[in-house]
**Q** 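Have a look at this one before I ask anything.
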Amino acid sequence: MSGVRHNLPPEIIGRGTWYDKAAKELIERERRLGRSLDLIRTESGLGASGFPHIGSLGDALRNYAVAMGVQVQGYNSELIAFSDDKDGLRKVPAGLPKDLERWLGYPVSDIPDPMGDCHESFGAHMTSLLLDALDTCGAEYTFKSGAKVYEEGVLNDEILALMENAERVGEIIKEEIGQEKYLEALPYFPVCESCGRIYTTHAYKYLPEEHKVLYRCAGMEVKGRWLEGCGYEGEVDVLAGKGKLSWKVEFAARWRALDIRFEAYGKDIADSVRVNDRICREILGYEPPMHVQYEMFLDRGGKKISKSAGNVFTPQVWFRYGSPQSLNLLIFKRFVGAKSGSVEDIPPHMDELDDLEDVYFGRVKVKDPKERAKLSGLYEYCWMLKPPEEPSVHIPYNLMTNLAMVAPKGAEARFIREKLRDYGYLDQGDRGLEDRIRYALNWSGTSVRLA
RNA sequence: GGGUCCGUAGCUCAGCAAGGUAGAGCGUCAGCCUCUUAAGCUGAGGGUCGAGGGUUCGAAUCCCUCCGGACCCGCCA
């Protein structure tokens with residue numbers, strides 16, 4: 001038996017992807033913890049204080065993918081999409097009127113919609129952009145508004161526990177990240193009763209009998225800029241939904257109140273998650289959800305995508321040039337690694353999705369069963385486990401854009417279709433061709449304008 | 001100060017979860033095809049997998065150390 005392979009042939013888990021492995025680990029962990037397996041929830045926090053970019057969508061989709069993996073294993077799951085719309089406005093997003101500055105520090109759910117009166121608030125508008133993208137991508141979720149959650153008192157048990165143990169909370173925060181602020185301050189931001197802002201208040205004393213905090217509107221430095229408080233001294237019932245928990249403890253409260261079992265997060269909030277894990281376990285007595293940390297989306301130059309740098313790349317931009325499934329592919333194909341997110345990524349992902357489709361439909365043979373399962377499974381995840389019955393027509397994206405660029409004005413679609421027929425691309429049908437033509441025309445139109 | 005990721009062909013990267021004969025695209029070169037196009041097809045060349053150690057019958061893959069590059073946190077969220 002010398003020289004033989006000692007490894008047993010690997011069992012393929014679920015659809016063979018990373019998500020299936022993670023889902024299996026998650027279920028095993030829950031089983032070990034002795035918790036109910038009736039409904040396994042994952043969560044994603046939706047930023048509501050700026051235009052959602054590709055990274056915001058990525059967070060939600062990754063967490064949704066793990067929920068799908070749980071379903072593949074035969075269990076019920078659900079993604080909670082939690083809008084952080086009780087957060088204050090810290091900065092006026094690029095592209096919006098400067099006079100929004102007067103709303104800095106106000107909860108985004110209290111600021112009027114600056115983009116017409118189509119939504120009930122600034123936060124609602126931003127949130128809806130992200131939810132639209134999730135819908136387009138085919139994700140299913142249960143939506144929660146942070147502001148409403150506070151109003152409805154969903155987190156009240158947790159808020160009481162945190163206030164009553166505020167001293168211990170402060171110690172944990174100091175131990176984990178060295179920040180001493182919460183040795184003094186309570187981890188709660190009241191909305192100032194006088195001026196309406198949330199980031200200018202400083203909660204300094206808790207009255208347990210009345211479950212109220214005393215605060216003063218003292219001002220705070222936000223994003224390198226001093227937000228002057230109005231000086232008001234007041235008190236607020238922490239169970240009345242007139243404020244919010246600091247992020248240092250809010251995750252923990254959400255996890256327990258909403259019974260969250262898994263949450264992936266970007267490395268920018270790694271410290272916060274570490275603190276929240278301890279708060280959740282030690283103060284709230286709830287074993288925190290399983291976590292996986294992922295890398296941020298970077299642009300082609302390796303820079304963090306930021307609104308101020310002007311390299312914002314939104315899901316809506318992607319959908320102009322590529323299919324929702326190709327965007328899902330960008331997000332799903334690697335979970336933890338760094339990745340770029342720019343328009344340059346669209347053509348290769350459109351082509352790569354075609355390759356995966358060939359594997360899924362057996363038109364391309366992959367010898368290694370593990371490899372085949374992984375590629376085929378990735379394809380299914382890109383379609384949110386609802387892949388089409390028939391493959392679409394496959395045409396290299398570059399060819400499409402090339403034809404689009406030379407097509408005569410006014411007859412582009414007909415020209416492209418005729419050329420493709422001549423080239424023999426349409427012999428097997430033209431399923432999905434209309435979309436591909438639209439993407440290519442959008443692409444070439446933009447390229448021409450840029451040139 | 002704390003943490004994460006990356007380093008594989010000229011370029012951009014995949015492969016690493018779950019160890020089993022180093023891959024793709026682009027570029028280059030040779031040829032073919034085509035109604036001119038950043039189009040298409042066939043083939044070729046090209047890599048001590050950042051360095052060193054460890055585990056192993058076997059390491060790009062797992063572990064440790066180091067080097068180089070980048071990012072995040074140390075305000076707030």
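Note on naming: letters A, B, ... go to the chains in the order of the sequence lines (proteins, then strands), and numbering restarts at 1 for each one.
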**Q** I'd like to know if A:K419 reaches the base of B:C35 with its side chain such that a donor and an acceptor end up less than 3.5 angstrom apart.
**A**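 Present.
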**Q** Using atom types as modelled and distance alone, determine if a side-chain donor or acceptor of A:D87 lies under 3.5 Å from a backbone N or O of A:P107.
**A**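 It does not hold such a pair.
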**Q** If the cut-off is 4.0 Å, is A:S246 near the phosphate of B:A77, judged by side-chain N/O to OP1 or OP2?
**A** yes
**Q** Considering heavy-atom distances to RNA chain B, does A:S49 or A:F415 have its closest nucleotide positioned more toward the 5' end?
**A**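 By nearest-heavy-atom nucleotide position, the 5'-most residue is A:F415.
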**Q** Could you tell me whether the side chains of A:H291 and A:D277 share a donor-acceptor contact shorter than 3.5 Å?
**A** yes
**Q** Counting heavy atoms from C-beta on, name the nucleotide in B:U37, B:A18, B:C76 closest to the side chain of A:I13.
**A** B:A18
**Q** Using a heavy-atom cut-off of under 4.0 Å over every strand shown, decide if A:K248 touches base, sugar-phosphate, or nothing.
**A**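 Since only primed, P, OP1 and OP2 atoms lie under 4.0 Å of A:K248, the category is sugar-phosphate.
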**Q** Which part of the nucleic acid, if any, lies within reach of A:Y397 when heavy atoms closer than 4.0 Å are counted: base, sugar-phosphate only, or nothing?
**A**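 The residue A:Y397 makes no contact with any strand.
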**Q** Have a look at A:I177 and say if it touches a base, only the backbone sugar-phosphate, or nothing, with a 4.0 Å heavy-atom cut-off.
**A** nothing
**Q** With distance as the sole criterion, is a donor-acceptor pair present between the side chains of A:W318 and A:S323 under 3.5 Å?
**A** no
**Q** Under a 3.5 Å cutoff, is there a donor and acceptor pairing between the side chains of A:Y381 and A:D20?
**A**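 Side-chain D/A pair, A:Y381 to A:D20: present.
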**Q** Heavy atoms under 4.0 Å, any strand shown: does A:E371 hit a base, just sugar-phosphate, or nothing?
**A** nothing
**Q** When you get a sec, tell me which of B:A39, B:A77, B:C35 is the closest nucleotide to the side chain of A:Y182?
**A** B:A77
**Q** With sugar-phosphate meaning primed atoms plus P, OP1 and OP2, does A:L403 contact a base, only sugar-phosphate, or nothing at under 4.0 Å between heavy atoms?
**A**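 Counting heavy atoms under 4.0 Å across all strands, no contact is made by A:L403.
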**Q** When you get a sec, tell me which of B:A17, B:C73, B:C75 is the closest nucleotide to the side chain of A:Q179?
**A** B:C75
**Q** Can you tell me which nucleotide in B:C76, B:C16, B:A39 comes closest to the side chain of A:Y199?
**A** B:C76
**Q** Is there a donor-acceptor contact under 3.5 Å from the side chain of A:N63 to the main chain of A:A264?
**A** yes
**Q** Nearest to the side chain of A:K267, which nucleotide is it out of B:A17, B:A77, B:C71?
**A**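 From the listed options, B:C71 comes nearest.
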**Q** Can you work out whether A:K244 or A:Y425 has the more 5'-proximal nearest nucleotide on RNA chain B?
**A** A:Y425
**Q** Measure from the side-chain heavy atoms of A:V406 and tell me the nearest of B:A77, B:A39, B:U37.
**A** B:U37
**Q** Select one nucleotide: of B:A17, B:A77, B:A38, the one nearest the side-chain heavy atoms of A:K21.
**A** B:A17
